[in-house]
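I have placed the structure first, in the form of structure tokens, so that the comments after it can refer back to it.
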There are 2 protein chains.
Amino acid sequence: MIESGNAESIRRGGGTGRLKAIKSVLRGRIDDGEYTAGKRLPSERQLCDEFETSRVTLHEILIQLETDGLIYREDRRGWFVSPTRFVYNPQSRGHFQMSASEQGRKPGTVVIDKAIVVPPPIVRELLDLGPDQELARIRRVRSINERSILYVEHYCIPEVFPGLFDHDLSVSMTELYREVYGFHYGRMKYRIMPTAVTGEAAGFLRVSNGSPALLVARVNHSIDERVRDCDLEYWRHDAVLIEVDVEAG
Amino acid sequence: MIESGNAESIRRGGGTGRLKAIKSVLRGRIDDGEYTAGKRLPSERQLCDEFETSRVTLHEILIQLETDGLIYREDRRGWFVSPTRFVYNPQSRGHFQMSASEQGRKPGTVVIDKAIVVPPPIVRELLDLGPDQELARIRRVRSINERSILYVEHYCIPEVFPGLFDHDLSVSMTELYREVYGFHYGRMKYRIMPTAVTGEAAGFLRVSNGSPALLVARVNHSIDERVRDCDLEYWRHDAVLIEVDVEAG
DNA sequence: GAGTGGTCTAGACCACTGG
DNA sequence: CAGTGGTCTAGACCACTCT
């Protein structure tokens, strides 16, 4: 006797279709503006009632819409409709504030801390350092219209920029290097890859542990080709669009 | 009477910790090489038994490792350890095959189809077209070591490249344009953003519907500054690392 | 046909937010 | 304190792959 082959399990049926169907209804409401940018969606439990589904299923749907970049969540606060992406050009150095204003948004920068540290392996590799070399690290969070979208770790060689920590670090690091230290840039290299944010980084961005993100790692060289500093930038994956113009090649 | 407040629910306990703990065990096995690149992980049910957890939970853990880029899945076939990322420079045109060989991998290209179509909105916007303009579309899938990692849609103005469909389209489009049509490139613009693949694109990449991906959209201009063609490239999010060198700016 | 992942249910407790 | 998302259970059926 298979007890479970009853009316109950038949009613559930429908299989694959449900998830996609609910997803497209929600997508429609976002497109139509019923749920508008920056506003909170109804709670998961409310949506469960409306669509007569379980929380696990609904959670899964929301995660897929998050992956799409249509909505985002703030840890334990709710789900929100994603605003238009911030357009970012990694080749134009230090223009976060200017770009934001040009795009009609309100930029913000918060310095989390500054310290002399042994950098993580990826930074050692990028800067071609020995295992014990210590660097100055500045950690910042940048926001657009009060929403944190970028967590950055700056690393540089402390001897090259003496007294760095005494300056206002909430502005463009590039400008600081140039105006205070008379430092001019030469070559730059950057890497971009999808990743996930965990631990502290997730906390600073107010996203759930393990949320998708876009990592942009940049290495700056001086005019005489020496490695000088680098950034690790973790962008909320739904908040950024990278755009680069390249002259004739 | 609250029936559920029994020994059973207490035993479950542990709360938040479980997921993270199991995740780090699996991560360790990948780092240690117990699970090696390209090999299948034990089945979800086996892992459930081993860690004494439910399939939903284990599935969630695997999805987080996927977001991290450590593992990937092939739809209904299983979970696999991700190989090293393919390094890609969007500014060097048409070097997929060459880059792959340089990185010691075996490249492959399959042409899915070729047709004259009305392009999707994003292409119309990129190429600045009217709503009824038709374009030639070529769809291809590119692989590294037999693993499909890139799904591309090429769009170009058919009048500019007559007889295009009669050529071998499994090679570099850039070379074809240059060698057959004597076409040389000027400016290029590209956009990069995290997104999700659905529908056909997911099928071609053999990933589950709604998997994360990296979209690279490129627009090519001729030397006299006219828009000529564009690509929409959907990369498996765990399979690519974009690297760009920029000369002094 | 056996095995796999994909989807789904109907609950439960936990950690945190915000009034 | 009520409400939210985050995590978790112990099952079930479905769609597909592989042999």
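Side chains included, hydrogens not; waters and symmetry mates left out as well; all remaining heavy atoms used.
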query: Is Glu125(A) paired with Arg191(A) through a side-chain N to carboxylate O contact shorter than 4.0 Å?
result: yes
query: With a 4.0 Å cut-off, would you call Glu44(B) and Arg76(B) a salt bridge?
result: no
Can you tell me the distance, in whole Å, between the [atom1] atom of [X] and the [atom2] atom of [N]?
X: Phe51(A); N: dT7(C); atom1: CZ; atom2: P; value: 17 Å
X: Arg206(B); N: dA15(D); atom1: CZ; atom2: C1'; value: 14 Å
X: Arg40(B); N: dT17(D); atom1: CZ; atom2: P; value: 14 Å
X: Phe80(B); N: dT4(C); atom1: CZ; atom2: P; value: 12 Å
X: Lys20(A); N: dA15(D); atom1: NZ; atom2: P; value: 11 Å
X: Glu44(B); N: dG3(C); atom1: CD; atom2: P; value: 16 Å
X: Arg76(B); N: dC14(D); atom1: CZ; atom2: C1'; value: 8 Å
X: Asp49(A); N: dT4(D); atom1: CG; atom2: P; value: 11 Å

- request: Indicate whether OP1 or OP2 belonging to dC8(C) is found under 4.0 Å from a side-chain N or O atom of Thr53(A).
  value: no
message: Centroid separation under 6.0 Å, is that true for the rings of Phe96(B) and Phe86(B)?
response: yes
- prompt: Going by number, which of residues 54-69 of chain A have a non-hydrogen atom under 4.0 Å from DNA chain D?
  reply: Arg55(A), Val56(A), His59(A)
- prompt: After noting the C-alpha distance and the side-chain angles of Arg137(A) and His154(A), does the key distance pass the side chain to side chain contact (heavy atoms under 4.5 Å, CB included) rule?
  reply: CA-CA 5 Å; Arg137(A) 182 190 69 190; His154(A) 299 267; over 6 Å; no
message: Walk me through whether Leu150(B) and Arg236(B) qualify under side chain to side chain contact (heavy atoms under 4.5 Å, CB included).
response: CA-CA 6 Å; Leu150(B) 170 61; Arg236(B) 286 185 83 128; over 6 Å; no
Name each donor-acceptor pair under 3.5 Å that joins a side chain in residues 109-124 of chain A to protein atoms two or more places apart or in another chain, with its distance.
| unit_1 | atom_1 | unit_2 | atom_2 | d |
| --- | --- | --- | --- | --- |
| Thr109(A) | OG1 | Arg142(A) | NE | 3.1 |
| Thr109(A) | OG1 | Arg142(A) | NH2 | 3.2 |
| Asp113(A) | OD1 | Arg139(A) | NE | 2.9 |
| Asp113(A) | OD2 | Arg139(A) | NE | 3.3 |
| Asp113(A) | OD2 | Arg139(A) | NH2 | 2.8 |
| Lys114(A) | NZ | Phe165(A) | O | 2.9 |
| Arg124(A) | NH1 | Pro119(A) | O | 3.3 |

task: Check the pair Leu232(B) / Val152(B) against side chain to side chain contact (heavy atoms under 4.5 Å, CB included), numbers first and verdict last.
output: CA-CA 6 Å; Leu232(B) 297 185; Val152(B) 195; over 6 Å; no
task: Examine the base of dG5(D) for any acceptor or donor lying under 3.5 Å from a partner atom in the side chain of Arg45(A), and report the outcome as yes or no.
output: yes
field: Nucleotide nearest Ser43(A) (side chain, heavy atoms from C-beta), chosen from dT9(D), dC16(D), dG5(D)
entry: dG5(D)
